[in-house]
Amino acid sequence: MEFHAVICCGRGINLSPFSKVKETGITKALLPIGNKPMIEYVLEWCDQAQFRAITVVTDSESHEGIHKVVELYSKKTRVNTGGQLSKINTSTFDGDSTGEILDLFIEKESSDFILLPCDFITDLPPQVLIEQYRNKDNSDIAMSVHYLNKFDSIDKKSLTHYYTVYSDDDHLLDIYSKDSVETNKFLELRAQMVWRSPTTKVSTKLLDSFIYFFSKEAFQALKKEVPDYKLKSATKILRDLARSSWKHSSRQGGISLFVLPQECDFIRSDNVAAYMEANRYMMKLKAQEQQQPPQAKEKGAATVGADSVVGENTVLGERTNVKKTVVGDNCTIGKRCRLTGCVLLDHVTLEDDVVLENCVIGRNATIHMKARLTNCNVEGSYTVSKGTQVKGETLTNIFVEGVMDDSDDSEDDSEDYDSYDDEYNDDEEDDGLFER
Amino acid sequence: MPPKKQKEIEKDERLQAIVLTDSFETRFMPLTSVKPRCLLPLANVPLIEYTLEFLAKAGVDEVYLMCCSHADQIQDYIEQSKWNKPWAPFKIQTIMTLESRSVGDAMRDLDNRGLITGDFLLVSGDVVTNIQFDKVMEAHKQRRAEDKDHIATMVLTQASALHRTRSHAEPAVFILDEKNDRCLYYQDIPPIDGKKSAISIDPELLEGVDDFTIRNDLIDCHVDICSPHVPAIFQENFDYQYLRRDFVKGILSSDILKKTIYAYITDDYAARVESWQTYDAISQDILARWCYPIVPDSNFLENQSYTYEGQHIYKEDNVILAQSCKIGKSVAIGAGTSIGDGTVIENTVIGRDCKIGKNITIKNAYIWDNAVIEDDSTLEWSIIANGAEVGQGAKLSKGSVIGFDVKISQGQELGKDVRVSAKKVENNNRSFVNSSDEDFEDDEDDEDADSFDVSVVGSQGVGYVYESEESDYEDDCAKPVNSLMYQIGSLALSDDSIISQVVKQKKKRSYSTTSVMTDYEEENFEKEAIATLERALDQNHDIDTALLELNTLRMSMNVTYHEVRSATLSTLLKRIEHFIETDTLNTKQATEKIFKQWGPLFQRQVFEESEQVDLLNIANGLVAKSSTLDDSVMLYVLSILYDQEIVEEEQILEWYHGNKIANPLVKRFIDWLEEAEEDSDEE
């Protein structure tokens with residue numbers, strides 16, 4: 001396989017308060033989905049394709065943790081493959097933009113190159129993408145993969161939306177973020193582009209998968225067309241490459257655009273809602289796989305649904321009911337608790353009669369008796385006091401009493417997708433005077 | 001004619017059609033100074049016939065012709081035509097709307113007359129199409145049922161961006177909802193090799209739309225089905241002139257009207273003869289049978305007798321061809337025409353009773369009735385109007401237009417795109433409102449005074465060169481756009497220009513705090529901004545008004561606040577200079593007067609700390625450049641801006657130390673500032 005896959009582990013700003021953005025959080029790539037660090041899914045996916053090389057890029061702070069997991073993964077799953085698979089390298093990087101990651105490889109790399117996020121789960125085999133990439137037009141230099149969100153429960157607002165501009169022969173032409181359009185008050189498309197591609201499509205639904213294929217030529221074009229690529233995010237780099245494909249008097253290296261087929265599932269856990277959905281998705285798969293007959297159980301023992309998983313050394317109290325839920329390792333759960341559609345990370349303590357619905361509970365959090373939480377996010381090490389009843393809030397340590405801080409979700413711009421503020425943006429801060 | 005009409009009546013109310021016979025353009029000048037566009041022959045049939053033929057097929061019951069320029073000629077023509085006979089498929093009526101200056105005026109006139117009873121068909125008098133109208137109507141009705149705010153369906157034909165029958169004169173994009181072809185926005189764009197611009201779409205228009213398409217490959221043949229609301233809306237919005245640019249865009253971007261317009265996209269043939277280029281392209285399409293059943297051998301006129309002879313050659317009876325002349329592909333020749341020995345003809349339409357001499361080469365020419373072409377001449381991509389004469393050995397280059405009754409004497413060579421008319425054509429909008437009689441009178445007087453343009457028509461020639469009005473203001477694009485010769489517009493975009501644009505944008509972004517702006521756009525902005533501000537100063541506007549104007553300007557030209565600050569400062573400083581130079585006020589008084597009043601402008605131009613420094617930098621730079629202003633101005637400016645809290649202490653110090661300002665007066669101010677700070681610290 002000619003490809004070199006590079007997995008970028010971002011900081012996961014939109015996964016706050018569970019990612020390393022907060023002190024109590026976990027490195028994004030190591031956040032468990034179905035009690036498995038999310039990066040393992042990506043590695044498994046890569047191993048289906050037998051890439052020439054795999055490199056995991058992390059910041060130095062989380063390097064150690066990720067390296068350990070990668071080593072463990074290699075030992076665990078790759079023993080029997082007889083050395084066919086290439087070793088997984090890890091490398092550290094402490095820059096601000098993915099452009100700098102590209103810069104690490106741009107000189108050395110002589111083959112095609114795949115950029116991957118550390119947070120996706122899909123049932124689509126990598127071969128589909130690879131074939132798609134191999135079948136691209138000769139003049140194309142890169143391929144960008146997009147998908148449509150199929151999960152209704154992920155709040156639309158939490159997904160970063162773009163105006164993806166592409167030609168009717170599926171070439172990416174331009175990308176604008178909704179935010180930049182909002183601040184500019186206009187979606188501004190160059191007339192020139194419309195001459196080059198008379199039927200131009202624009203989608204507001206397509207999402208960026210952060211899976212990008214680059215060819216050698218793309219790197220050359222990058223150096224020529226986007227001299228300041230080091231400062232930019234990968235999406236922006238791709239946008240600039242796409243723009244340069246129609247900017248010149250002759251058509252130049254296009255970026256082909258591939259939209260994942262509707263039949264496949266693809267989810268990126270890049271925000272809390274999606275993270276929760278990814279967990280549920282894994283649980284659903286698990287339930288489908290092992291249709292185990294209901295075990296004869298002791299009277300009064302805890303019930304764990306087939307669509308749930310409970311980690312090691314976790315104790316469940318009497319008559320506790322667990323449905324569509326992932327419970328991490330070393331948790332202590334009291335009696336008569338009801339957990340539905342939740343994700344509990346490791347070392348969580350629930351006292352008796354706690355009812356949780358659609359919640360994510362961070363590491364070492366404690367929830368006292370009779371608390372009832374719906375659609376809440378609880379930061380690690382947080383203590384929910386007895387009898388608390390809240391809905392739709394994010395409980396974080398900064399505020400002593402569960403003061404809501406819902407705005408966390410909308411806080412955007414992780415390293416992976418700093419918004420595409422357009423050229424004019426910087427000065428467009430409206431002073432409110434001219435709102436008509 | 002098709003019997004469809006009866007059916008329509010039975011099941012539905014009358015279908016009315018409004019034909020705009022006037023295009024309110026001057027593209028076919030000088031020919032349209034004599035005859036209206038809709039009566040110009042295309043493939044030897046007056047243009048209006050194609051439109052009426054289409055309406056007959058569409059099952060229209062009533063046709064109203066909105067006539068403006070040369071209305072009397074149109075009326076006469078219709079009265080004589082088969083459409084006025086009792087067995088005509090529809091009732092036809094000409095409406096004199098002589099005062100109309102635009103489509104908007106015509107629509108308002110229509111509304112005043114109260115003729116419209118239901119949904120009607122709006123077409124221009126120059127459409128050539130074979131679209132199946134019943135399907136369009138069906139689609140229109142279906143959408144109407146789904147969306148009661150639906151007021152118009154535009155019929156658009158799929159082509160390519162540079163299709164030969166697509167208007168190169170008025171390229172425009174349609175933004176359509178992918179789901180149901182609802183038109184979300186419409187915008188004119190500059191031609192392919194024109195200047196750079198952007199299609200700006202208000203995101204509000206896109207609300208609730210998942211996917212949309214931007215189409216730059218549609219031929220807009222101006223066939224619309226409109227509801228009776230449409231003329232009424234024109235009435236309400238008396239400033240609407242154009243059907244697309246004003247009306248469609250206005251409806252779509254209005255949040256009050258809440259009306260919708262849909263597009264119907266078809267693969268059938270539909271095009272408008274609206275420029276020389278489309279005249280040529282459509283003629284060739286008719287000859288090549290692309291728009292069947294619209295072909296010469298359909299003999300739309302009652303007395304025509306064209307027969308098809310293979311290879312796209314059409315002849316009427318009574319054509320005299322010399323033995324040795326060669327008729328190539330795609331040629332139509334009218335009755336009574338004679339063609340001499342050794343003449344070669346290709347891709348050409350020749351009218352009736354023309355005399356074509358010997359050894360002539362005619363390629364892609366359109367020769368109308370009664371023209372005389374003498375021996376040994378060469379014609380390429382030319383139009384020879386009725387009664388014109390081309391002398392022996394004359395040579396007409398691509399794009400020549402020889403007007404009615406013009407005489408080109410022997411041996412003359414005409415350059416590219418030369419247009420000649422027998423009467424002098426006044427180059428103003430009057431020409432299409434005036435009735436032709438008046439024109440003639442005017443011109444007769446002139447004729448004695450002016451002699452003909454002999455250099456072009458020759459010593460025995462008759463004719464004046466027509467200077468295209470467009471060339472005055474659209475000089476760079478007018479030529480390729482409105483030339484008979486169809487040129488494949490190449491994407492001749494020089495890389496340089498694009499790169500420079502990109503660089504410019506980068507600059508704006510990264511150096512928005514320094515002054516390195518040299519670029520025509522900004523210069524324009526500066527000019528306009530300064531003009532705006534001077535007006536404000538002169539007329540003593542209040543600050544808010546001035547700010548509003550400035551900001552509108554800033555947004556429309558898309559410049560940064562840096563440019564705004566720079567323009568504001570230079571206006572204010574200039575004003576101070578003026579006071580000093582005229583000895584009205586001394587430096588201090590002048591600065592105080594101006595800045596105390598107008599300084600607050602900066603409150604809305606300076607937001608961040610770095611911008612405060614930028615402001616001071618600009619001011620300092622401008623003062624340094626001026627010969628009138630001395631160092632003290634900077635001191636006064638500083639202290640006023642400081643008092644008004646536009647710049648803060650820290651930023652003044654940052655600016656002062658960062659730029660190593662060597663201005664003793666400013667230094668004093670700085671010293672004072674620093675002392676004051678220390679004092680307060682001590683306290």
Side-chain angles (χ1 to χ4, degrees), chain A residues 148 161 163-168 173 176 178-206 224-228 231 240 243-244 246-252 421-434 436, chain B residues 159-162 171 173 175 178 187 189-203 205-206 209-218 489-495 498-499 501-502 505-506 508-510 512 544 547-548 551-552 554-555 558-562 564 604 607-608 611:
Chain A
L148 292 158
H161 276 294
Y163 290 101
T164 312
V165 184
Y166 59 104
S167 65
D168 57 341
L173 299 173
Y176 293 90
K178 279 228 164 115
D179 295 341
S180 82
V181 169
E182 217 103 289
T183 38
N184 272 336
K185 297 244 160 55
F186 284 108
L187 172 65
E188 292 195 308
L189 302 160
R190 310 269 143 84
Q192 205 184 335
M193 176 184 81
V194 186
W195 281 111
R196 186 67 77 178
S197 160
T199 312
T200 301
K201 295 182 176 180
V202 183
S203 171
T204 56
K205 279 276 171 312
L206 285 181
K224 204 173 111 220
E225 302 287 347
V226 195
D228 55 347
L231 305 173
D240 286 353
R243 283 185 179 171
S244 68
W246 47 260
K247 248 179 206 166
H248 296 283
S249 51
S250 57
R251 205 179 254 282
Q252 299 195 349
D421 36 338
D422 206 47
E423 274 84 336
Y424 324 107
N425 236 5
D426 298 4
D427 306 275
E428 287 285 276
E429 275 131 359
D430 204 331
D431 42 32
L433 184 62
F434 301 105
R436 273 166 288 176
Chain B
S160 60
L162 295 166
V173 290
I175 288 122
E178 194 142 306
Q187 178 149 357
I189 55 169
I192 188 153
D193 42 3
K195 62 177 197 306
K196 316 237 149 28
S197 76
I199 303 163
S200 306
I201 308 168
D202 188 341
L205 300 177
L206 304 174
V209 179
D210 296 345
D211 296 281
F212 55 96
T213 330
I214 300 159
R215 302 288 300 251
N216 186 28
D217 59 347
L218 298 173
S490 56
L491 269 173
L493 309 156
S494 75
D495 274 8
I498 297 151
I499 286 165
Q501 192 201 21
V502 175
Q505 288 169 351
K506 295 275 162 55
K508 271 190 204 158
R509 184 192 175 80
S510 44
S512 58
D544 282 344
L547 272 172
L548 184 72
N551 247 293
T552 318
R554 174 183 67 85
M555 288 193 190
N558 224 339
V559 295
T560 61
Y561 277 110
H562 169 80
V564 183
R604 295 252 174 230
F607 306 100
E608 283 170 24
E611 293 181 321

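Letters A, B, ... are given to chains in the order of the sequence lines, protein chains preceding strands, and every chain is numbered from 1. Nothing here was measured: the structure is a model prediction, and the numbers come from that model.
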Open item on the list: Under a 4.5 Å cutoff for heavy-atom pairs, which residue among D202(B), L206(B), D211(B) has the most contacts with chain A?
Closed with: D211(B)
- [ ] Would you mind reporting whether F186(A) and I201(B) have side-chain heavy atoms less than 4.5 Å apart?
- [x] no
Task: Partners passing side-chain hydrogen bond (donor to acceptor under 3.5 Å, both in side chains) against D168(A) (at least two apart in sequence or in another chain) - done: none
Open item on the list: Can you list everything that forms a side-chain hydrogen bond (donor to acceptor under 3.5 Å, both in side chains) with N216(B)? Sequence neighbours excluded, please.
Closed with: R166(B)
Task: Which of V173(B), I199(B), V209(B), D217(B) touches chain A most, by non-hydrogen pairs under 4.5 Å - done: I199(B)
Task: Exercise: identify the closest heavy-atom pair between E188(A) and S200(B) - done: OE2-OG, 3.2 Å
TODO: Could you tell me which portion of L205(B) (side chain, backbone, both or neither) has an atom closer than 4.5 angstrom to a non-hydrogen atom of chain A?
DONE: neither
Task: Options L218(B), I175(B), I189(B), ranked by heavy-atom pairs under 4.5 Å with chain A, top entry - done: I189(B)
Open item on the list: I'd like to verify something: which residue of V181(A), T204(A), V165(A), V202(A) has the highest number of heavy-atom pairs under 4.5 Å with chain B?
Closed with: V202(A)
Open item on the list: Test your reading of the model: is there a side-chain donor-acceptor pair from T199(A) to the backbone of R215(B), 3.5 Å cut-off?
Closed with: no
